[in-house]
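Step one of this worksheet: look at the structure below.
In what follows, chains carry the letters A, B, and so on, assigned in the order in which the sequence lines appear, proteins first and then strands, with residues in each chain numbered from 1. A quick note: this is a predicted structure, and the numbers were derived from the prediction, not measured.
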Amino acid sequence: MTIQDLPRHTGEPVTVTGWIATLRVHARVAFIVLRDGTGVVQGVVVKSQLPDDVWELATTLTQESCIALTGVVRADARAPGGHELTVNAIELIGASDEFPIQPKEHGVEFLLDHRHLWLRSNKQRAGLRVRAEVEQAIHDFLYERDFVRIDTPILTGAIGESAGTLFETDYFGERAFLAQTGQLYAECACPAFRKVYCFGPTFRAEKSKTRRHLTEFWMIEPEVAFADSNDNMDLQEEFVSYIVARALERCRGELEVLERDLSMLESVKPPFPRISYTEVVDRLNAEQRPFQWGRDLGAVEETTISSWFDRPVFVYNYPREAKAFYMKENPDDPRTVLCNDLLAPEGYGEIIGGSQREDDADRLLTRIREEGLPEEAYDWYLDLRRYGTFPHSGFGLGLERTVGWITGRPHIRELVPFPRLINRLKP
RNA sequence: UCCCGCGUAGCUCAGCUGGUAGAGCAGACGGCUGUUAACCGUCGGGUCGCAGGUUCGAGUCCUGCCGCGGGAGCCA
């Protein structure tokens, strides 16, 4: 029997197993709030109605001890959840030492040091459940649209957008790196399956200390053959809208625990505004926020841009110098490339970076050389342009940033079970 | 790497222009028939991040270092 099923068993004797969330022991009555992963229920232990040994055990219980409670289900408006259990037997499964995390405020460092125990807290459970639902929504959306999931390697040679921010490791005497993207491999699977995606952890050795950065984060990277940059943005807005709608549909309770303002999410429906980089620069300058064409947009500019709209916004076609080597040149303005970022509202920043890929072998090679990248490491990637090249586009969506935005949490480290931060590898 | 802020009890914090180290919570003990982070009483609990300096005297002022947080850059 799980706690979520208790309302259907009012008046019946049941046994539930779980962990003690909170505990209040009085002289003749004790209240045990039990959490079993599906919900919480308050057990009421009345001394006068029980054998001495049961009462004796009840008075010695501690927070987070694992127990089995047997009793009769009863509806009671005074109980959290509306139902409670009149206890007639208690089994101690695993006693708990003094639990470090009390039902009160704690500092960030302390909580992260105790992340393995912090996971049991209400808001942490709610956030991680939203994450799990978002992950499921991602798979469902793409599966329904005939995407094939491709698992890409985590151990790689030097590839990706730029070296220098890669975690290095030893691979039988050879230098290897932890993947910072699966995109190049996903591209290779396009001619095999037409629409593919990869979804896995990615690693960036950037020394970023902000609420939007992790050194290990999960990224979903769809890649679609015969899609141009506009098709790419169409897919992105449908995708993000689907994910948000799913969270609103199935995570109401969690979002309530997190005190999320749902009106900020309900407006997330296609179409999203689309504004070109050049238009952004013009508008910034018109608003007396001087900005020189050619520079990459910074965090300040991104916040300004997202304040112009009530939903996520696409900024497309950035200057070539500001973007990665594999992005396709814009035929209408060769200073720029066919790409887009998707900026989340409320300061959560870039949740997607996407582009149409350069499909011309010569131009791609030129770009690799311009960037000073090791040509020989990309031979297989260039092969894709030699053996039946084709127009294609794709993007990467940051899972933790997306879930951070949906849940409205102050830092994305809460939306991954065990965050890896610049100075945190434990637990 | 740079900028700003913070390090005091197990936890969260207060401690004023320098003058004998404090509170709440947690813990132990006692009390209390329905609590919602219960409440009331008693008790134990400290290398004030580390090192140096100024001073009769430093938790407090100065310098350096270490740790943490946020931000910039970079990105999802």
Side-chain angles (χ1 to χ4, degrees), chain A residues 21-33 40 42-49 55 59-60 62-63 74 76-81 84 86 97-114 117-118 121-122 160-162 164-166 180-183 199-221 236 240 295-303 318 322-324 340-344 347-354 395-405 410-413 415-416 421-424:
Chain A
T22 59
L23 190 63
R24 289 175 294 279
V25 180
H26 304 261
R28 294 178 179 81
V29 63
F31 300 93
I32 301 170
V33 178
V40 294
Q42 175 164 273
V44 182
V45 186
V46 182
K47 185 180 183 185
S48 62
Q49 297 171 10
W55 176 255
T59 61
T60 60
T62 52
Q63 185 192 347
R74 193 163 42 74
D76 192 314
R78 291 172 296 187
E84 61 184 25
T86 304
D97 289 347
E98 186 185 334
F99 199 67
I101 298 176
Q102 301 163 18
K104 55 174 267 194
E105 293 291 320
H106 289 284
V108 172
E109 188 179 8
F110 179 82
L111 289 170
L112 286 174
D113 283 342
H114 296 86
L117 304 176
W118 188 25
S121 303
N122 286 340
E161 299 175 13
S162 62
T165 58
L166 296 163
Q180 62 172 348
T181 173
Q183 175 202 318
F199 188 9
T202 52
F203 307 88
R204 306 270 168 99
E206 295 153 3
K207 294 193 174 176
S208 301
K209 283 178 74 170
T210 83
R211 73 181 86 160
R212 303 185 306 278
H213 286 90
L214 300 166
T215 54
E216 176 182 307
F217 66 97
W218 286 64
M219 187 158 63
I220 164 92
E221 296 177 279
Q236 290 167 45
V240 169
R295 282 179 47 211
D296 198 4
L297 299 171
V300 178
E301 288 79 30
E302 289 183 355
T303 303
Y318 283 69
K323 289 291 173 180
N340 72 273
D341 286 350
L342 181 65
L343 308 180
Y348 286 90
E350 225 179 296
I351 56 172
I352 284 181
F395 62 93
L397 176 139
L399 180 67
E400 289 81 5
R401 283 189 186 177
T402 301
V403 180
W405 162 54
H411 197 303
I412 66 169
R413 65 186 163 217
L415 288 320
V416 58
L421 299 157
I422 173 173
N423 51 5
R424 189 166 289 280

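Put simply, the side chain of A/Arg401 and the base of B/rC75 share a donor and an acceptor less than 3.5 Å apart. With hydrogens and angles ignored, a donor-acceptor pair under 3.5 angstrom links the side chain of A/Ser208 to the base of B/rC74. Applying the 3.5 Å distance criterion, the base of B/rA38 shares a donor-acceptor pair with the side chain of A/His26. One donor-acceptor pair, N or O on each side, does fall under 3.5 Å between the base of B/rG34 and the side chain of A/Glu84. Judged by atom type and distance alone, A/Gln102 does not reach the base of B/rU12 through any side-chain donor-acceptor pair under 3.5 Å. You won't find any donor-acceptor pair under 3.5 Å spanning the side chain of A/His106 and the base of B/rC11, going by distance alone.
Position along RNA chain B of the nearest nucleotide to A/Arg211 versus A/Ala79 favours A/Ala79 as the more 5'-ward residue. Residues A/Thr215 and A/Arg74 both approach RNA chain B. Their nearest nucleotides, taken by heavy-atom distance, put A/Arg74 toward the 5′ side.
B/rG73 atom C1' lies 12 Å from atom CD1 of A/Ile422, rounded to whole Å. Note: CZ (A/Phe217) to C1' (B/rC75) measures 7 Å, nearest angstrom. One interatomic measurement links the two molecules: CD1 of A/Ile412 to P of B/rG70, which rounds to 11 Å at whole-angstrom precision. Between A/Gln42 atom CD and B/rA37 atom P there is a gap of 11 Å when expressed in whole angstrom units. Atoms NZ (A/Lys207) and P (B/rG71) sit 19 Å apart, rounded to a whole Å. Regarding A/Lys209, its NZ atom lies at a distance of 11 Å from the P atom of B/rU1, rounded to whole Å. Distance CG (A/Asp341) to P (B/rA76): 7 Å, rounded to an integer number of Å. Look at CG on A/Leu297: it is 15 Å from C1' on B/rA72, rounded to the nearest Å.
Pairing partner, B/rG57: none, since no Watson-Crick or wobble contact has both distances short of 3.5 Å. Across the strands present, B/rG41 finds its partner in B/rC29; the criterion is a Watson-Crick or G-U wobble pair with both atom distances under 3.5 angstrom. Partner assigned to B/rA72 is B/rU1, using Watson-Crick or G-U wobble distances below 3.5 angstrom. Nucleotide B/rA9 has no partner under the Watson-Crick or G-U criteria, as no pair reaches both atom distances under 3.5 Å. When Watson-Crick and G-U wobble pairs are counted only if both distances are under 3.5 Å, B/rC50 pairs with B/rG64.
Note on A/His411: only backbone sugar-phosphate atoms sit closer than 4.0 angstrom, heavy atoms only; bases stay farther off. Among the atoms of the strands shown, only primed sugar atoms or phosphate atoms (P, OP1, OP2) are found under 4.0 Å from some heavy atom of A/Gly107. Looking at heavy-atom distances under 4.0 Å, A/Glu400 makes no contact with the nucleic acid at all. Residue A/Ala299 is in sugar-phosphate contact alone, with no base atom involved, counting any heavy-atom pair closer than 4.0 Å across all strands shown. Contact annotation for A/Leu399: no contact, since no heavy-atom pair falls under 4.0 Å across all strands. Using a 4.0 Å heavy-atom distance criterion, A/Arg413 is classed as a sugar-phosphate-only contact. Within 4.0 Å of A/Phe31, counting heavy atoms only, lies at least one base atom of the nucleic acid. Using a 4.0 Å heavy-atom distance criterion, A/Asn423 is classed as a sugar-phosphate-only contact. Across all strands, A/Glu105 comes closer than 4.0 Å only to sugar-phosphate atoms, never to a base (heavy-atom distances).
The separation of B/rA9 from B/rG15, taken at their P atoms, amounts to 15 Å, rounded to a whole angstrom. Spacing between B/rG19 and B/rA58 at atom C1', rounded to whole Å, works out to 10 Å. Taking atom C1' in both B/rC3 and B/rG73, one finds a spacing of 12 Å when rounded to whole Å. When the P atom is compared between B/rC11 and B/rG52, the two are found 26 Å apart, to the nearest whole Å. For the P atom pair drawn from B/rC29 and B/rG44, the interatomic distance equals 16 Å after rounding to whole Å.
Taking each heavy atom of A/Glu350 and A/Arg401 in turn, the nearest pair found is O-NH1, 2.8 Å. Taking every heavy atom of both residues into account, A/Ser208 and A/His213 meet most closely at CB-CG, 3.4 Å. Looking at every heavy atom in both residues, A/Asp341 comes nearest to A/Tyr318 through OD2-OH, 3.1 Å.
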Steps toward side-chain contact (heavy atoms from CB on, under 4.5 Å) verdict (A/Arg24, A/Val33): CA-CA 9 Å; A/Arg24 289 175 294 279; A/Val33 178; 4.0 Å; yes
side-chain hydrogen bond (donor to acceptor under 3.5 Å, both in side chains) between A/Gln42 and A/Asp76, worked out: CA-CA 10 Å; A/Gln42 175 164 273; A/Asp76 192 314; over 6 Å; no
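Side chain of A/Phe110, nearest nucleotide from B/rC75, B/rU12, B/rG73: B/rU12. Taking only side-chain atoms of A/Arg78, from C-beta outward, the nucleotide of B/rG73, B/rU35, B/rU12 with the closest atom is B/rU35. Out of B/rG69, B/rG67, B/rA38, the shortest distance to the side chain of A/Arg24 is found at B/rA38. Nearest nucleotide to the A/Lys104 side chain, out of B/rG10, B/rC74, B/rC75: B/rG10.
Here the rule is side-chain contact (heavy atoms from CB on, under 4.5 Å) with A/Leu342, and of A/Ile352, A/Leu397, A/Thr402 only A/Ile352 fits it.
With hydrogens and angles disregarded, a donor-acceptor distance shorter than 3.5 Å links the side chain of A/Glu221 to the backbone of A/Gly182.
The aromatic rings of A/Phe110 and A/His114 sit tilted, their planes meeting at an angle between 30° and 60°.
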